[in-house]
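Here the structure is laid out as structure tokens; the discussion comes afterwards.
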Amino acid sequence: MLESVSAASSGEQPASGQETRVGLLVEVTGEYFTARLDPRQDAAAAEGASDANHMPAGQVGSYLKIRNGDGFVLVMVERSYHAADKQGRAVNMVHLTPLGELNSNGDFQRGVSSYPISGAHIYRVSRDSLATIFSRYGDTDFRVGRLASFDSIGVHLDASSFFGRHAAILGQSGAGKSWTVTSLIQSTLQAMPEAHIILLDMHGEYSDKEVDGIVSRSPFHAAGKVRSFKAEELEFPYWLLSFSELCDLLINAEDENASIQVSAMRTALIKLRTEVNQHLNLGHITVDSPLYYSLHDLNLALKEANRATTDFGKEKLATFGKFNQVLVRLGSLLNDNRYDFLMKPKRRTSSESLTGLMQDLVGLGTPKASVTVIDLSAVPYDVVPLVAAQIGRLTYEFNFWNPRCRDFPLFLICEEAHEYIPREDIPRFREARRTMERISKNGRKYGVGLCVVSQRPHDVSETVLAQCSSYICLRISNPDDQEYVRSMVPDAARGTFSALTSLSKGEAVALGEAVPMPVRFRVDLPDPPPNSTDIDYSGKWRTEGDGVDVEKLVHNWHTQER
């Protein structure tokens with residue numbers, strides 16, 4: 001159905017210089033503009049006509065510019081539709097979102113300080129102009145892809161904005177998130193070889209692995225220095241848990257005796273840490289001080305409190321019988337070898353060993369590394385949030401206590417963030433959520449950047465996503481996820497999200513401070529790719545292939561090796 005609209009002059013006006021006019025501005029608001037295309041451009045748009053230097057005028061996702069004094073206002077086409085002029089003739093209308101301003105030298109600035117008026121002329125934006133905008137705004141050597149509309153134009157990110165002000169990489173399963181993360185890190189290492197990136201690898205996609213003689217190398221070896229650790233190799237010992245993390249691990253908050261358990265454990269921890277670390281002459285020691293203590297001694301202290309009596313056993317103290325659940329939980333953790341990296345460390349057995357752990361974590365160990373990949377794929381599911389919380393907290397604390405934190409920025413990438421940074425306040429995830437939210441709110445002050453990667457953004461903490469200033473969104477089909485992300489993005493061009501369902505694999509929309517304007521682009525293919533390539537069901541099911549050693553498979557299962 002045609003909409004009625006008042007028409008301005010419908011003839012194409014000759015433009016000065018080399019500019020090609022394509023239409024006139026009809027309506028201006030603080031949020032969007034409406035324009036009509038000139039008759040020739042109307043026909044060209046309907047046919048999808050373009051040349052090597054321009055996109056078809058009016059194509060959704062294309063860029064146009066509006067004359068405004070000595071410069072232009074850069075706009076993006078969000079909607080294209082037909083309307084009727086006063087004579088009943090069909091005209092092509094476009095709905096435009098303002099992005100920023102171009103001065104007479106072609107320099108781009110985000111935001112619009114002076115709005116054009118209705119009747120202003122609208123012009124094409126050439127390929128060369130777009131190339132200039134992207135090359136001048138971002139770091140010229142930090143390219144992440146190419147424009148979907150002009151394959152010859154590279155998309156460059158502003159590295160300081162992307163890494164320093166937090167980012168999110170979002171997209172449904174199979175859209176290309178792992179490839180995007182890999183490509184991004186490889187580009188980072190090529191442009192900034194002295195980077196310090198910590199990557200939480202939930203499924204072993206980015207790590208060095210060797211199982212039954214089959215070797216998989218990290219995709220970052222060719223691009224720069226990388227060290228891969230399994231959680232059990234790096235070890236995140238119990239004595240580095242904060243007091244609240246330890247309570248979450250051992251104490252059931254719904255237990256009627258929880259308050260007594262917390263109080264007694266606080267007293268015991270301070271006493272044990274003080275006794276064991278007297279040789280360090282530290283003075284004041286708190287319950288959260290990262291100092292070694294014996295878990296065996298803590299177990300004995302809790303047992304003693306659980307059977308504490310007075311008057312030769314005639315009178316029971318307040319703690320008597322109150323630690324049964326805590327002791328059962330602690331015993332089960334100590335007896336399960338899956339938790340040895342946490343409960344029975346072999347390398348981190350003194351307060352002095354914290355130095356080596358922190359060096360390995362941030363890439364200052366031997367050999368030095370620009371990327372530290374921590375493989376959490378073999379960590380028991382129930383303690384993954386606790387380990388993620390510990391890694392995040394140690395990363396934050398490193399620069400919090402580092403007087404030269406501004407000279408040593410860190411970047412933490414949280415793969416599958418919805419698995420341990422949930423939107424809902426669930427007790428088991430509370431510490432991980434609290435830690436990542438702390439980084440998102442305060443990390444920028446101390447040089448700690450955060451990137452959340454998720455296939456279900458709707459399930460990720462609202463606080464964390466809201467603090468991200470840059471978004472790389474791949475295909476998202478779920479309406480709840482789309483609406484959730486749309487409400488978080490900082491750019492005015494939220495209509496760009498209408499394209500998320502039509503993105504092909506490896507295609508993304510970038511928004512926020514790391515790019516000069518919302519842009520649809522093709523992510524550069526990583527070389528080599530991560531260990532997450534889709535399985536060829538069709539090919540594998542057409543041939544017999546190699547047999548499966550089920551006995552070996554069961555052995556790996558028994559020993560928890562993969």
Would you please name every residue forming a side chain to side chain contact (heavy atoms under 4.5 Å, CB included) with Q325, sequence neighbours left out? N252, D255

Restricting to side-chain hydrogen bond (donor to acceptor under 3.5 Å, both in side chains), what partner residues turn up for T463, sequence neighbours left out? none

Please list, chain by chain and in numerical order, all residues satisfying side chain to side chain contact (heavy atoms under 4.5 Å, CB included) with T355, sequence neighbours excluded. Q359

Give the intermediate values and the outcome of side-chain contact (heavy atoms from CB on, under 4.5 Å) for residues Y63 and L130. CA-CA 9 Å; Y63 302 101; L130 286 175; 3.7 Å; yes

Taking only residues two or more places apart in sequence, or in another chain, which ones meet S353 in a side chain to side chain contact (heavy atoms under 4.5 Å, CB included)? W239, R348, S350

Among all residues two or more places apart in sequence or in another chain, which pass the salt bridge (Lys or Arg N to Asp or Glu O under 4.0 Å) test with R423? none

Should we count CZ of R444 as having more than 12 external heavy atoms under 6.0 Å? no

Do the ring planes of F162 and F411 sit parallel (below 30°), tilted (30 to 60°) or perpendicular (above 60°)? tilted

Is it true that R165 and E513 have a side-chain N and a carboxylate O under 4.0 angstrom from each other? yes

Not counting sequence neighbours, list each pair that qualifies as a salt bridge (Lys or Arg N to Asp or Glu O under 4.0 Å) and has a residue in residues 280-298. none

Pairs touching residues 428-452 that satisfy ring-ring contact (aromatic ring centres under 6.0 Å, His included), sequence neighbours left out: Y396-Y446, F400-Y446

In terms of side-chain heavy atoms, does D382 have a donor or acceptor partner in Y339 at a distance below 3.5 Å? yes

With sequence neighbours excluded, tell me which residues meet side-chain hydrogen bond (donor to acceptor under 3.5 Å, both in side chains) with E416. H418, Q455

I'd like to check the salt bridge (Lys or Arg N to Asp or Glu O under 4.0 Å) partners of D340; sequence neighbours left out, ordered by chain and number. none

Salt bridge check, E431 against R434: does any charged N sit closer than 4.0 Å to a carboxylate O? yes

Any luck finding a side-chain donor-acceptor pair between T180 and S183 under 3.5 Å? no

Any idea which heavy atoms bring L199 and E415 closest together, and the distance? CD1-CG, 4.1 Å

Determine, for D481 against R456, whether the closest basic-nitrogen to carboxylate-oxygen distance falls under 4.0 angstrom. yes

I251 and M265: side-chain contact (heavy atoms from CB on, under 4.5 Å), yes or no, with the steps? CA-CA 10 Å; I251 297 175; M265 189 175 295; 4.0 Å; yes

Test side-chain contact (heavy atoms from CB on, under 4.5 Å), reference F163, set T188, D158, L410, L157, output is T188

If you compare all heavy atoms of L354 against all heavy atoms of P290, which two are closest, and at what distance to 0.1 Å? CD2-CB, 3.9 Å

Name each donor-acceptor pair under 3.5 Å that joins a side chain in residues 275-283 to protein atoms two or more places apart or in another chain, with its distance.
residue: E275; atom: OE2; partner: K271; partner atom: NZ; Å: 2.8
residue: N277; atom: OD1; partner: S351; partner atom: OG; Å: 2.5
residue: N277; atom: ND2; partner: R273; partner atom: O; Å: 2.8
residue: N277; atom: ND2; partner: Y292; partner atom: O; Å: 3.0
residue: H279; atom: ND1; partner: V276; partner atom: O; Å: 3.4
residue: H279; atom: NE2; partner: E352; partner atom: OE2; Å: 3.1

List the residues meeting side chain to side chain contact (heavy atoms under 4.5 Å, CB included) with A191, not counting sequence neighbours, and say none if there are none. D141, F142

Taking it one step at a time, do F521 and V515 satisfy side-chain contact (heavy atoms from CB on, under 4.5 Å)? CA-CA 11 Å; F521 71 102; V515 287; over 6 Å; no

Side-chain donor-acceptor distances from residues 401-408 under 3.5 Å, at least two apart:
residue: W401; atom: NE1; partner: E397; partner atom: OE1; Å: 2.7
residue: N402; atom: OD1; partner: R404; partner atom: N; Å: 2.9
residue: N402; atom: ND2; partner: N399; partner atom: OD1; Å: 3.2

When H458 is tested against each of L465, I476, L170, D480 for side-chain contact (heavy atoms from CB on, under 4.5 Å), which residue passes? D480

Spacing of CD belonging to E424 relative to OG belonging to S461, to within rounding of 0.5 Å: 10.5 Å

Would you call R520 and E507 a salt bridge, using N to O less than 4.0 angstrom? yes

